[in-house]
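Accompanying notes for the structure given below.
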Number of protein chains: 2
Amino acid sequence: MTTQNGGTGKASPGRTTLKDVAHRAGVSVPTVSRVIAGNYPVATATKRRVERALRELDYVANTHARALRGQGTKTVAFILNDVRGPSFAEVAHGIQEEATRRGRLCLVFVSGGDPRRELEAVGLMRQQGAEAVILIGSVHDDEVYRSRMAAIATSLDQSGSRLVLCGRPPLGDAVPTTVVEYDNEGGAHAITSRLLAAGHRRVLCFGGDAALTTSAERLAGYRRALADFGVAFDPGLVEKATFERGEAYLAMRQRLTRPVDFTAVFALTDAVAAGVLRALTEHGLGVPEDISLAGYDDVPPATDLRPRLTTVHVPYEELGRTAVRLALDRSPGADGPDQHALLGTHVVVRDSIGPPRHRA
Amino acid sequence: MTTQNGGTGKASPGRTTLKDVAHRAGVSVPTVSRVIAGNYPVATATKRRVERALRELDYVANTHARALRGQGTKTVAFILNDVRGPSFAEVAHGIQEEATRRGRLCLVFVSGGDPRRELEAVGLMRQQGAEAVILIGSVHDDEVYRSRMAAIATSLDQSGSRLVLCGRPPLGDAVPTTVVEYDNEGGAHAITSRLLAAGHRRVLCFGGDAALTTSAERLAGYRRALADFGVAFDPGLVEKATFERGEAYLAMRQRLTRPVDFTAVFALTDAVAAGVLRALTEHGLGVPEDISLAGYDDVPPATDLRPRLTTVHVPYEELGRTAVRLALDRSPGADGPDQHALLGTHVVVRDSIGPPRHRA
DNA sequence: CTGTTAGCGCCTTCAT
DNA sequence: ATGAAGGCGCTAACAG
């Protein structure tokens, strides 16, 4: 016993290996392996001895070794801005559920919205040999981003993995990605139309950052609805702000120091709507009596707002599930370069929209 | 070239390996490895050739092989009931941040509150060789659970990993675990005291499941406050329900079909408080004019309730960070069997508590 | 400076 | 029914 585990079981600290078990049971390593796999004949007596050793030594297989051999636990990776956002959380949940159902493990990484961290994360996930790498949520859509992502997508594809864009626009048909979007522009069009149909003509579009894909699309829907109703677009009625509740509140309070030249607000996000609602209320403006309010996302907390928020439902959980399903189901050989799913959105009518009130 | 990757680069589909790169650069495998590690002298010319090959072949190291060799990317695993709960999400965020800061990857598993899935998950995480396995949130605290967990903790400990109980009571001093709790009972005591100090004597304790550790502790704090104020405990004023918003609403509506024999409600959770608030409001009862309301958790959406909820702040994110910190910082040799952190809670006073209103 | 050798833990032939 | 051998991809020792 010069080298290491001399005796009857494991001596050194660290994980129990097949060798330890084999020693203890007085058999060879492959025999133990076969008992575990159970797909090969083993004498009943031997089997029992091995099983006892297995139990006594509390053996667990080493996934890394298995992965190296080719057949290890597969994993699905996802990268998001922030787990705390209700909509992201919903997507994450969908991914989890579907991945677990298919016997996959989930790796998570939070990028904080920083493209560099996102890139770094993708690299790590690639090292891990993730079967799919899912990118969740909005992004600054510039040329650098697109070319980098295209390169990454190709790399992943070549190593048998898959880049999935979830709630983010495609990179182009040539790029081997799976894209799972929802009808972002359509939802914005629908809810803005709702506001316009109720008689509103001065609709403040509030929140978001035009450089972000999500904002841009929602803004586009807003503008298209305006055009459909023959209402001129007024840049003064587009107020950029963050997607974050607190800042939206502050920004709206700021806006209210100027004359109120709108009768309705389209908040680009439910969280923004919450902030807007608070600012409005504190300013003595009733919703929907004085000002109508619409949101976007239909996250659970929106139900607790008073009045209950009329908003656009986005199937976030389904988005996550679909992402996993598509990425995993594509036949490994046939490299259909482009998979694309577009999920529908719809307006959920609650209590925050009313007819416009004529103002002095 | 009889076997496989004969020629200049990688021929077979799948990941690029060191061997592929070595072939392409016309050097041996270890040389490539050294160029990558950069901790060993390599001729500049060779180095350049290798680097080019590396780039051209888009090489990424295989974490599993590295892990097998001993020095791979470490990972931290956490298991929770549901990512969608704001408080869980906060803990998850804290874990992420701290783990990433320390160069660890995160594995996540959603158990849906099912103890069996939790057990299964721990097994998977153990196979992965996770450095720490963090269990988040409340649990059904029976004997079976305790003994099973103790066994798992010991197993993990022996393989150099660590079981971390986060927001969940310890298993006993003998069990090698890291426990990161918050002062659950104390927070409940404090906020109930607040209600009692405001003059309330009939306080309905609403929501939760007494079999769950979290509920039990909060209920205990409630009772202790009652005792401190010399108010007799009335079992009729404890209403079990779920922790879930929607069900809480329904349960409260049900309760309101009976006579209103309380002047204040202590909701065991902010989500429950939201449901209760809605039921109360719809029943024509004003908060806090008619009924005072207190919550627990201080999750962000609580700010959007009207009136803004007075509640107990729980440092969830800090809980997550601390869990990672403790688990990773303990000196590997010295097996201090028990690590225990107890984080403080405090009441956040907002607008949902007022003096009791004398009722007919 | 570079290549050869060995071995991490597992599983899959192949040969008893 | 069982053991011996080989190799997954990588890196640390040991030659040269």
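First the proteins, then the strands, lettered A, B, ... as listed; each starts at 1.
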**Request:** Using a 4.0 Å heavy-atom cut-off across all strands, classify B:V29 as base, sugar-phosphate, or nothing.
**Result:** base
**Request:** Give one of base, sugar-phosphate or nothing for A:A61, where a contact means two heavy atoms less than 4.0 Å apart.
**Result:** sugar-phosphate
How many Å lie between [atom1] on [X] and [atom2] on [N], as a whole number?
| X | N | atom1 | atom2 | answer |
| --- | --- | --- | --- | --- |
| B:N39 | D:dT11 | CG | P | 10 Å |
| A:H23 | C:dG9 | NE2 | C1' | 14 Å |
| B:N62 | C:dG9 | CG | P | 16 Å |
| B:K47 | C:dT2 | NZ | P | 11 Å |
| B:R48 | C:dT2 | CZ | C1' | 18 Å |
| A:Y40 | C:dT12 | OH | P | 11 Å |
| B:H64 | C:dG9 | NE2 | P | 16 Å |
| A:Y59 | C:dG9 | OH | P | 10 Å |

**Item:** Residue closer to the 5' end of DNA chain C, B:A65 versus B:A43 (nearest nucleotide)
**Value:** B:A43
**Complete:** Judged by nearest nucleotide, the residue sitting upstream toward the 5' end of DNA chain C, B:L68 or B:S28, is B:S28
**Asked** Hey, is the main chain of A:A150 close enough, under 3.5 Å, to the side chain of A:T154 for a donor-acceptor pair?
**Response** yes
**Item:** Residue B:R52 excluded, over 12 heavy atoms near CZ under 6.0 Å
**Value:** no
**Message:** Would the base of D:dG9 count as contacting A:R69 through its side chain, where contact means a donor and an acceptor less than 3.5 Å apart?
**Reply:** no
**Asked** Starting at the 5' end of DNA chain D and moving along, which residue's nearest nucleotide shows up first, B:V60 or A:R34?
**Response** A:R34
**Message:** Can you see whether A:H64 engages B:Q127 through a side-chain donor-acceptor pair at a distance of less than 3.5 angstrom?
**Reply:** no
**Request:** Decide whether A:R162 and A:T178 meet the rule of one side-chain donor and one side-chain acceptor closer than 3.5 Å.
**Result:** yes
Consider the side chain of [X], meaning its heavy atoms from C-beta on, and name the nucleotide among [options] that approaches it most closely.
| X | options | answer |
| --- | --- | --- |
| A:P30 | D:dA5, C:dC1, D:dA12 | D:dA5 |
| A:V42 | D:dT2, C:dG3, D:dA4 | D:dT2 |
| A:S33 | C:dC11, D:dG3, C:dG3 | C:dC11 |

**Prompt:** Between D:dA1 and A:T31, is there an OP1 or OP2 to side-chain N/O distance shorter than 4.0 Å?
**Reply:** no
**Message:** Can you tell me which residue among B:L163, B:V139, B:D141 is in a side-chain contact (heavy atoms from CB on, under 4.5 Å) with B:M149?
**Reply:** B:L163
